[in-house]
Amino acid sequence: MKNILKVRKLRLISLILIFAVVASIFTIAYAYRIPEVVTKEGIRFKYGHRATYDYNVTLAPNILYNNRTFLENPNTTFLKLLRDVNISYNYEFYSTAPSNVSGNLTATVIVGQTPLWKKALDYKVIKFSGSTATFSTYLNISKILNFTKIISDEIGIQASKYYVKLVMEPKVRASIKGETVTESYPTSFTIDLDLTSGLALFSQREFHSETPVTYEEVSKNYVYLGFATLTVSQFRLISAIPLIASLTLLGSTIIANRGRILGTTSAESERISKRYRSILVNVSEAPSEESMTVIDVKQFKDLVKVAESLAKPIIHFSTSGQSTKHIYFVTDGDVLYRYSIDEE
C-alpha cells in the first residue's frame, strides 16, 4: 500500500510540474508580446501661413451708391460702374516657437478665359526678411477688358466671361528649434468679369494653413507587478526562471522515477527476487504470528542485514487479489522480522 501511495504521489507531483511548465510558457509568451520600448509622439512646434487680400474698388459717379465712388472689399459690383481695383496682399508666417524667417514673394497678374487662354500681364519677385511680406497692385478694369477684346479678336472667339487673377506665392525659409522649414504657399485672388450679367465677382480673400511638426520619444517599457517594477527585458528574463526550474524538476522527477510514474518499471518484489534469489525461500503459507513478537523493518536492506547476522534465509510469501501483498520475514526464536510490499 505504501508503494501504491508513493506512485500516486509521484504522479501528482509530475502533473503539478507539467502545469507549472505550461503556465511558465504562457507567461513567457505574454512577456514577449509586450514591446520592450514605447514610442511617445508629441508636437515640437506648429507653423503656418496666413494670407489676406484687401481690396477697394473705384466706381464711376452713380446714383445707386449715393454717389459713393469707393467700396471696400465688396463681394460683387457692376462692370459698367467699375473703374479700378486696388489690391493689398498681406502675408504672415507664424510659429509657436521663435523663428528666423526670410524668403521671396512672387506676384503675377493673369488675364484669361477659361478654358481657352490665359496671359500673364505682370510678374514681380520681391525679397523679404522677417515673418511678414506685403504687396500692392492696381488693376484698371477698362484696360483689362480692352485687352480681352484684342485677344478674342485675334483668336476669333468671343466669350461672355473673363477673369483677372492676382497669384501670390511666398517661398519661405525658416529656422525653428534647429530645424529648417522650406515651403511655398501659393494663393490667388480672382475677379470674374461676366459680360452677360454685367457683374464683377470677387473671390475668397482670406487663406490659412497650419502644419504641426511632431517628435517621437522612445523609452523603455515597464511591467508593474505590485511588489516591483521591472523593465520588459528584465520581466522576460525573470519569466524564464520558473520554466527552467519546472523543466529541471520535472525532468529529474521523470528520470529518477520514470518507471513508477509511467507504470513501466519492474515491481519491487521482482527486483528483490532477482537480486537476492540466493537467500530467498518462497513458501506457500505464511507462518503463524500469534505467539511471536513481530518487528516491521522499514527497508528490505534492513531485513537482509538481519538475515546475514543470523545466517538465516529470508522467507517470502505472497497473496493475490485486487492487489498483491508480498511478505518477507526472518525468524529468530519467537521474534519475527518482517518487511511487506503492497503492489497493484
Side-chain angles (χ1 to χ4, degrees), residues 1-42 216-277 280 295-308 314 316 318-328 337-344:
M1 182 63 69
K2 291 180 180 179
N3 201 41
I4 296 172
L5 292 175
K6 189 174 183 180
V7 170
R8 289 177 178 173
K9 184 178 180 182
L10 285 171
R11 288 179 178 174
L12 178 61
I13 291 172
S14 299
L15 287 174
I16 292 172
L17 289 174
I18 290 170
F19 176 80
V21 168
V22 173
S24 299
I25 291 172
F26 276 105
T27 302
I28 291 174
Y30 169 72
Y32 276 86
R33 288 185 63 186
I34 305 172
E36 284 194 61
V37 296
V38 290
T39 302
K40 178 183 176 183
E41 292 187 354
E216 287 188 353
E217 184 179 276
V218 179
S219 60
K220 291 183 178 180
N221 199 8
Y222 291 90
V223 177
Y224 302 96
L225 302 177
F227 59 88
T229 301
L230 305 174
T231 64
V232 172
S233 57
Q234 291 173 333
F235 179 60
R236 288 176 179 176
L237 181 63
I238 291 174
S239 66
I241 294 175
L243 177 62
I244 296 170
S246 301
L247 285 173
T248 302
L249 290 173
L250 180 61
S252 301
T253 303
I254 291 174
I255 291 171
N257 303 278
R258 58 185 179 276
R260 289 178 180 172
I261 295 170
L262 303 175
T264 59
T265 188
S266 58
E268 186 180 2
S269 62
E270 293 180 17
R271 297 197 303 274
I272 291 172
S273 296
K274 290 178 181 179
R275 183 171 181 180
Y276 300 100
R277 67 181 66 175
L280 284 178
I295 299 174
D296 288 308
V297 296
K298 291 184 178 180
Q299 297 181 359
F300 186 78
K301 290 181 180 180
D302 296 331
L303 191 62
V304 172
K305 290 178 182 178
V306 173
E308 290 175 347
I314 298 174
H316 172 231
S318 62
T319 62
S320 60
Q322 290 184 348
S323 63
T324 300
K325 185 170 185 178
H326 296 270
I327 301 173
Y328 302 87
Y337 296 91
R338 183 177 64 186
Y339 177 72
S340 302
I341 303 173
D342 290 319
E343 293 179 341
E344 291 180 332

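Hydrogens, waters and symmetry mates are skipped; everything else that's a heavy atom, side chains included, is used.
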Contact summary for Val232 and Glu36, nearest pair of heavy atoms: CB-CA, 4.0 Å
Looking only at heavy atoms, which two atoms of Ile28 and Ser239 are closest? And how far apart? CG1-O, 3.5 Å
Mark yes or no for whether Asn221, through its side chain, and Pro35, through its backbone, hold a donor-acceptor pair below 3.5 Å. yes
Any side-chain heavy-atom pair of Ile327 and His316 under 4.5 Å: no
Are any of the side-chain heavy atoms of Val21 and Leu243 separated by less than 4.5 Å? yes
When you measure from the centre of the six-membered ring of Tyr32, is the NZ or CZ of Arg236 closer than 6.0 Å and no more than 45° off the axis? yes
Student check: side-chain heavy atoms of Tyr30 and Phe235 closer than 4.5 Å: yes
Taking only residues two or more places apart in sequence or in another chain, which ones pass side chain to side chain contact (heavy atoms under 4.5 Å, CB included) with Ile241? none
Note: Leu230 and Gln234 closest approach over all heavy atoms is CA-OE1, 3.6 Å
The side chain to side chain contact (heavy atoms under 4.5 Å, CB included) partners of Val306 (sequence neighbours excluded) come to Leu310, Val330, Tyr337
Can you tell me how far OG of Ser340 sits from CZ of Phe300, rounded to the nearest 0.5 angstrom? 11.5 Å
Report the distance from atom CD1 of Ile272 to atom CD1 of Ile341, rounding to the nearest 0.5 Å. 4.0 Å
In Å, rounded to the nearest 0.5 Å, how long is the span from OH of Tyr276 to CD1 of Ile314? 8.0 Å
Identify the heavy atoms of Lys220 and Thr231 that sit nearest to each other, and give their distance. CD-CG2, 4.2 Å
Heavy-atom closest pair, residues Leu303 and Arg338: CD1-N, 4.3 Å
Nearest heavy-atom neighbours spanning Ile238 and Pro242: O-CD, 3.1 Å
Separation between CG (Leu15) and CG (Leu12), nearest 0.5 Å, reads 6.5 Å
When rounded to the nearest 0.5 angstrom, what distance separates CG in Leu280 from OG in Ser273? 6.0 Å
Drop me the distance from Asp302's CG to Asp296's CG, to the nearest 0.5 angstrom. 11.5 Å
Using atom types as modelled and distance alone, determine if a side-chain donor or acceptor of Glu308 lies under 3.5 Å from a backbone N or O of Lys305. no
Give me the ring orientation class for Tyr328 and His326: parallel if the planes are under 30° apart, tilted from 30 to 60°, perpendicular past 60°. parallel
